[in-house]
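Some notes on the structure that comes next.
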Amino acid sequence: QIDTLGTPLAGVDAELDALSAFLRTLRAPLSPYRGDSDGIARGRTVFERLACASCHAGPHFTDRRNHDVGTGDPALERNGHGRGLTFDTPTLKALWLTPPYLHDGSAPTLEAVFARGKHQLPPTTTDPERAALVTYLRSL
């Protein structure tokens, strides 16, 4: 079986470790979606109401933990790291710059994320709330 996460390489090569350290210093460009302050504020309220920050927490919008969000396929997730169907919580910073979404790229848009697994929005979420949430997330 192929290990879908690959072999950990930290400490194997000094140049690779230096490149990794450099990459951690890079900052994403500011979002071009920061103009709709009312929509962003409404979206932040939806984000808070839905408790999205229980996983996407803090200044980096990640708790740096693994979670089963209901999108893994047991037939496809083959890794030797003992993570099974759990995946690390990605940062939401610069989300506008990183489609497709989810661990396997199966969600081409943020709207598609909200139709999958535990990211599925409650049926009581209105279309304007969903749009505001997307506006907020794109602004990060």
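Note that the coordinates shown come from a computational prediction; the quantities given were computed from them, not determined experimentally.
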Determine, stepwise, if the pair Arg138 / Glu111 fulfils salt bridge (Lys or Arg N to Asp or Glu O under 4.0 Å). CA-CA 11 Å; Arg138 284 187 180 139; Glu111 293 84 356; 3.8 Å; yes

Treating [X] as the side-chain partner and [Y] as the backbone partner, does any N or O pair qualify as donor plus acceptor under 3.5 Å?
X     : Y     : answer
His56 : Leu92 : no
Asn66 : Asp88 : yes
Thr91 : His60 : yes

Write down the atom of Tyr33, the atom of Ser139, and the distance for their closest heavy-atom approach.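 Smallest heavy-atom distance, with atoms named: O-CB, 3.6 Å.
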
Can you give me the closest heavy-atom contact between Cys55 and Thr89, atom names plus distance?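 Result for this residue pair: O-CG2, 3.4 Å.
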
Under 3.5 Å, sequence neighbours excluded: what are the donor-acceptor pairs made by side chains of residues 10-30?
unit_1 : atom_1 : unit_2 : atom_2 : d
Asp13  : OD1    : Glu15  : N      : 2.9
Asp13  : OD1    : Leu16  : N      : 2.8
Asp17  : OD1    : Gly11  : N      : 3.2
Asp17  : OD2    : Gly11  : N      : 3.1
Ser20  : OG     : Arg24  : NH1    : 2.8
Thr25  : OG1    : Phe22  : O      : 2.6
Arg27  : NH1    : Arg24  : O      : 3.1

Throw together a table of side-chain donor-acceptor distances under 3.5 angstrom for residues 113-122, partners on residues two or more places apart or in other chains.
unit_1 : atom_1 : unit_2 : atom_2 : d
Arg116 : NH1    : Ser106 : OG     : 2.4
Lys118 : NZ     : Asp68  : O      : 3.2

Can you give each donor-acceptor pair under 3.5 Å made by side-chain atoms of residues 129-137, sequence neighbours left out, with the distance rounded to 0.1 Å?
unit_1 : atom_1 : unit_2 : atom_2 : d
Glu129 : OE1    : Arg49  : NH2    : 3.4
Glu129 : OE1    : Thr126 : N      : 2.8
Glu129 : OE1    : Thr126 : OG1    : 3.3
Glu129 : OE2    : Arg49  : NH2    : 3.0
Thr135 : OG1    : Ala131 : O      : 3.0

Could you give me the CA-CA distance, side-chain angles and deciding distance for Tyr101 and Leu95, then say whether side chain to side chain contact (heavy atoms under 4.5 Å, CB included) is met? CA-CA 9 Å; Tyr101 303 105; Leu95 197 62; 3.6 Å; yes

For Arg42, run the side chain to side chain contact (heavy atoms under 4.5 Å, CB included) check against Asp38, Ile40, Thr45 and tell me which one passes.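 So the option named by the test is Asp38.
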
Between His103 and Phe87, does the ring centre distance come in under 6.0 Å?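 Yes; Phe87 has its ring centre under 6.0 Å from that of His103.
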
